[in-house]
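This report concerns only the one structure given below.
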Amino acid sequence: MESESGVEAKTYSRILIKLSGEALMGEQNYGLHPPTVERIASELSRTHELGVRICLVIGGGNLFRGIQGVTHGIEPTTADYMGMLGTVINALAIQSALESLGVQTRVLSAIPMHEICEPFIQRRAMRHLEKGRVCIFASGTGNPCFTTDTAAVLRASEMECQVIFKATKVDGVYASDPTIDSDAKRYESITYNETLQKNLKVMDASALALARDQKLPIIVYSILKMGGLQAILEGGGVYTIIS
Ligand code: GTP
């Protein structure tokens with residue numbers, strides 16, 4: 001079946017979704033916007049109902065951006081750890097919203113914090129996924145200097161996901177910024193190397209290079225479009241595939 005993007009759709013049974021922390025703040029400039037969190041959870045719940053096994057990596061930029069911390073005099077490594085703590089708060093918020101819809105979940109943190117959630121153990125996470133639980137991976141990679149995009153690729157590889165869905169505010173990868181240039185061209189498909197060479201800023205270079213080496217396709221789609229993810233999984237939808 002062909003999508004609106006004209007790209008042959010595949011059937012995916014195990015996916016990783018990368019959400020930015022900003023996706024959870026709605027129209028606010030900061031923090032968590034409960035109705036937005038609920039809306040995203042209900043989309044994830046509908047996707048889960050399709051029988052798709054879901055892994056989730058969420059950023060922390062709605063609570064703390066490392067780079068801004070650095071400009072305010074916070075030591076870079078400390079700023080990165082503060083960002084990782086932000087991802088734990090977001091993971092718990094999505095967990096709570098999903099479980100209120102009856103979806104079973106487990107939060108697994110790259111930095112052990114036993115009182116709050118499980119530590120990340122790859123084989124344990126695999127069992128959770130096999131049992132149909134949504135696995136929410138918190139604390140990024142657990143190391144400074146890496147983004148949650150890199151964490152998303154790493155976990156997708158470890159969890160044997162077939163694809164990474166990168167949720168953004170636009171419905172794909174554009175040659176120029178579509179929020180500034182209304183004639184910006186959207187790619188239907190693009191290679192990892194082209195994305196890197198053209199510096200298209202979909203993901204940072206480390207994450208893209210890792211995805212390329214692991215042969216993990218990345219589907220860039222809009223989180224703002226209701227039902228966007230489901231439409232892609234059902235063979236339609238609008239997106240760009242990086243492969
Ligand atoms: P099964 O092996 O399939 O039974 O998995 P399970 O996750 O249901 O079993 P387990 O008894 O390990 O976990 C029960 C609950 O405790 C789940 O909600 C887990 O997320 C939670 N849990 C397990 N380990 C930890 C931990 O180290 N810290 C925290 N905070 N919760 C944990």
Side-chain angles (χ1 to χ4, degrees), residues 12-21 23-25 31-64 66 77-144 146-165 167 223 229 233:
Y12 298 113
S13 55
R14 185 178 290 206
I15 65 173
L16 183 137
I17 303 168
K18 166 69 205 320
L19 289 175
S20 67
L24 307 184
M25 67 189 187
L32 289 160
H33 181 241
T36 302
V37 175
E38 282 161 27
R39 182 186 68 79
I40 291 174
S42 82
E43 288 238 12
L44 292 172
S45 162
R46 281 199 297 275
T47 303
H48 188 253
E49 278 167 20
L50 297 174
V52 180
R53 299 284 192 246
I54 302 175
C55 298
L56 210 56
V57 169
I58 314 173
N62 54 322
L63 300 169
F64 187 81
T77 304
T78 305
D80 279 347
Y81 281 118
M82 290 168 76
M84 286 183 236
L85 291 174
T87 70
V88 180
I89 296 176
N90 286 337
L92 296 176
I94 283 282
Q95 173 173 51
S96 173
L98 279 170
E99 296 209 331
S100 72
L101 296 170
V103 180
Q104 286 221 28
T105 67
R106 294 290 183 269
V107 174
L108 303 106
S109 172
I111 298 175
M113 38 185 97
H114 283 281
E115 288 75 6
I116 297 172
C117 56
E118 293 182 31
F120 171 70
I121 298 167
Q122 185 265 350
R123 292 168 72 109
R124 187 130 192 245
M126 280 298 220
R127 291 290 290 139
H128 287 322
L129 208 56
E130 283 159 14
K131 288 178 179 174
R133 298 162 182 159
V134 172
C135 286
I136 309 169
F137 300 108
S139 308
T141 67
N143 298 290
F146 293 99
T147 61
T148 47
D149 280 343
T150 303
V153 181
L154 177 66
R155 294 293 181 242
S157 168
E158 289 175 290
M159 301 304 290
E160 298 173 8
C161 293
Q162 297 144 318
V163 65
I164 297 169
F165 280 85
I223 186 81
L229 175 60
L233 287 165

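Numbering of ligands and ligand atoms starts at 1, following listing order. Atom set for the values below is all heavy atoms of this structure, side chains included, hydrogens, waters and symmetry mates excluded.
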If I take atom CZ from residue Arg53 and atom NE2 from residue His48, how far apart are they, to the nearest 0.5 angstrom? 6.5 Å
Under 3.5 Å: N or O atoms of ligand 1 paired with protein N or O:
{"from": "ligand 1", "atom 1": "3 (O)", "to": "Lys131", "atom 2": "NZ", "distance (Å)": "2.3"}
{"from": "ligand 1", "atom 1": "3 (O)", "to": "Arg133", "atom 2": "NH1", "distance (Å)": "3.0"}
{"from": "ligand 1", "atom 1": "3 (O)", "to": "Arg133", "atom 2": "NH2", "distance (Å)": "3.3"}
{"from": "ligand 1", "atom 1": "5 (O)", "to": "Arg133", "atom 2": "NH1", "distance (Å)": "3.1"}
{"from": "ligand 1", "atom 1": "7 (O)", "to": "Arg106", "atom 2": "NE", "distance (Å)": "2.8"}
{"from": "ligand 1", "atom 1": "7 (O)", "to": "Arg106", "atom 2": "NH2", "distance (Å)": "3.3"}
{"from": "ligand 1", "atom 1": "8 (O)", "to": "Arg106", "atom 2": "NH2", "distance (Å)": "2.6"}
{"from": "ligand 1", "atom 1": "12 (O)", "to": "Arg124", "atom 2": "NH2", "distance (Å)": "2.2"}
{"from": "ligand 1", "atom 1": "20 (O)", "to": "Glu118", "atom 2": "OE2", "distance (Å)": "2.7"}
{"from": "ligand 1", "atom 1": "27 (O)", "to": "His114", "atom 2": "ND1", "distance (Å)": "2.9"}
{"from": "ligand 1", "atom 1": "28 (N)", "to": "His114", "atom 2": "O", "distance (Å)": "2.5"}
{"from": "ligand 1", "atom 1": "28 (N)", "to": "Cys117", "atom 2": "O", "distance (Å)": "3.1"}
{"from": "ligand 1", "atom 1": "30 (N)", "to": "His114", "atom 2": "O", "distance (Å)": "2.4"}
{"from": "ligand 1", "atom 1": "30 (N)", "to": "Cys117", "atom 2": "N", "distance (Å)": "3.2"}

Starting from the C-alpha separation in whole Å, work towards a yes-or-no answer on side-chain contact (heavy atoms from CB on, under 4.5 Å) for Ser139 and Met113. CA-CA 10 Å; Ser139 308; Met113 38 185 97; 4.0 Å; yes
Do Ser45 and Ser42 have side-chain atoms, one donor and one acceptor, less than 3.5 Å apart? no
Salt-bridged, Arg46 to Glu49, with N to O below 4.0 Å? no
Hey, could you give me the OG1/NE2 distance between Thr105 and His128, rounded to the nearest 0.5 Å? 9.5 Å
Out of Thr148, Leu19, Ile40, which residue meets the side-chain contact (heavy atoms from CB on, under 4.5 Å) rule with Ile58? Leu19
